[in-house]
Amino acid sequence: MNVDEYELERETSAPIDMLEHYFSAHNWSYERGGDEEIVANFQGSWAQYELRAVWRDEDHVLQFLALPDIRVAADKRAAVYETIGLVNEQLWLGHFELWSNSGLVLFRHAVLLEGDESGLLSLQQAETLVETAIEECERFYPVFQFVLWAGKTPQEAIAAALIETQGEA
């Protein structure tokens with residue numbers, strides 16, 4: 001790691017500002033909603049993801065959401081709730097949930113930003129938030145699709161989607 005990279009990793013700024021820098025550096029389209037919210041779009045392997053961050057200054061909490069454009073019909077919600085339970089057992093950071101009023105599946109993670117530099121987000125923290133959300137959405141998107149469109153049970157969907165490949169073709 002050179003000196004410039006080291007200094008860049010140590011940089012901190014207001015959470016929404018740091019995420020704006022991150023999104024801008026990746027040439028992703030984004031829109032700010034003041035100092036408290038930012039929304040970006042990212043094209044993944046499976047879907048277009050909406051990435052949304054909301055800053056609550058009074059609590060020093062940054063909530064980060066990734067919406068993989070998965071809508072669940074009422075008759076499939078029980079299976080998706082079971083799927084989410086099994087998927088969340090495998091996650092280290094964040095969790096998936098199903099919003100009951102809209103039927104949207106999303107990934108959510110929150111970060112408490114307290115300490116000496118209260119309310120500041122580092123570049124490394126921003127990378128972790130964004131990359132974890134995208135990686136988990138990409139990893140589990142097929143699981144949700146197998147349950148919703150292929151009629152697989154949650155267990156079958158996880159087994160089918162998470163096959164570990166070895167070597168190269």
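Please read all numbers here as calculations on a predicted model, not as lab measurements.
Centroid-to-centroid, the aromatic rings of F64 and F107 stay 6.0 Å apart or farther.
Residues M18 and L112 do not share a hydrophobic cluster, defined by chaining ILVMFWY side chains whose heavy atoms lie under 4.5 Å apart. Connection of Y49 to L106 is not established within any shared hydrophobic cluster, with ILVMFWY side chains joined at heavy-atom distances below 4.5 Å, either directly or through further cluster members. By the criterion of side-chain heavy atoms lying less than 4.5 angstrom apart, applied directly or through intervening Ile, Leu, Val, Met, Phe, Trp or Tyr residues, Y81 is grouped together with V87 in one hydrophobic cluster. Taking hydrophobic clusters as Ile, Leu, Val, Met, Phe, Trp and Tyr residues chained together by side-chain heavy-atom distances below 4.5 Å, L123 shares a cluster with W28. Residues L86 and F144 fall within the same hydrophobic cluster, defined by Ile, Leu, Val, Met, Phe, Trp and Tyr side chains chained together at heavy-atom separations under 4.5 Å.
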Please evaluate residues R56 and Q63 with respect to the criterion side-chain hydrogen bond (donor to acceptor under 3.5 Å, both in side chains), reporting the C-alpha separation (whole Å), side-chain torsions for both, the decisive distance (0.1 Å), and the verdict. CA-CA 8 Å; R56 288 181 47 104; Q63 181 171 229; over 6 Å; no
Is there a side chain to side chain contact (heavy atoms under 4.5 Å, CB included) between V39 and L51 once you walk through the steps? CA-CA 6 Å; V39 178; L51 307 174; over 6 Å; no
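The two residues Q43 and Q48 come nearest to each other via the heavy atoms OE1-OE1, 2.8 Å. For the residue pair A47 and Y141, the shortest heavy atom distance occurs at CB-CE1, 3.8 Å. When all heavy atoms of W55 and D35 are compared, the pair lying nearest together is CD1-O, 4.1 Å. Considering every non-hydrogen atom in both F146 and A160, the closest pair reads CE1-CB, 3.7 Å. Listed here is the closest heavy atom pair of V147 and A79: CG1-CB, 3.8 Å.
Atom OG of residue S102 and atom CG of residue L67 lie 8.5 Å apart, to the nearest 0.5 angstrom. Atom CD of E136 and atom NE2 of H109 lie 11.0 Å apart (nearest 0.5 Å).
Here the side chains of I158 and F140 are not in contact, with every heavy-atom distance at 4.5 Å or above. At least one side-chain heavy atom of V72 sits under 4.5 Å from a side-chain heavy atom of L148. The side-chain heavy atoms of Q145 and I70, taken from C-beta on, include a pair separated by under 4.5 Å. Looking only at side-chain heavy atoms (C-beta outward), L19 and Y30 stay at 4.5 Å or farther from each other. Counting only heavy atoms from C-beta outward, the side chains of L121 and L62 approach each other to under 4.5 Å. The shortest distance between side-chain heavy atoms of R32 and I16 falls below 4.5 Å. Using a 4.5 Å heavy-atom threshold, the side chains of I38 and R52 count as separate. When side chains are defined from C-beta on, E97 does not count as touching V105, because their heavy atoms never get closer than 4.5 Å.
The environment of CH2 in W46 is sparse: at most 12 heavy-atom neighbours from other residues, nucleotides or ligands sit within 6.0 Å. Sparse packing is recorded around CG of D69, with 12 or fewer heavy atoms of other residues, nucleotides or ligands lying under 6.0 Å away.
Under the rule for a side-chain hydrogen bond (donor to acceptor under 3.5 Å, both in side chains), E31 has no partner lying at least two apart in sequence or in another chain. Every residue two or more places apart in sequence or in another chain that forms a side-chain hydrogen bond (donor to acceptor under 3.5 Å, both in side chains) with S45 is listed here: E138. Partners of H26 by side-chain hydrogen bond (donor to acceptor under 3.5 Å, both in side chains), not counting sequence neighbours: none found.
Annotation: salt bridge (charged side-chain N to carboxylate O under 4.0 Å, His left out) contacts involving residues 87-96, sequence neighbours excluded, are absent. Within the structure, salt bridge (charged side-chain N to carboxylate O under 4.0 Å, His left out) pairs that include any residue of residues 70-88 do not occur (at least two apart or interchain). Applying the salt bridge (charged side-chain N to carboxylate O under 4.0 Å, His left out) test to every pair with at least one member in residues 140-160, sequence neighbours left out, gives no pairs at all.
Here the side chain of Q125 pairs a donor or acceptor atom with the backbone of S122 at under 3.5 angstrom. A donor-acceptor pair under 3.5 Å is formed between the side chain of N88 and the backbone N or O of F96. One N or O on the side chain of T132 and one on the backbone of T128 form a donor-acceptor pair closer than 3.5 Å.
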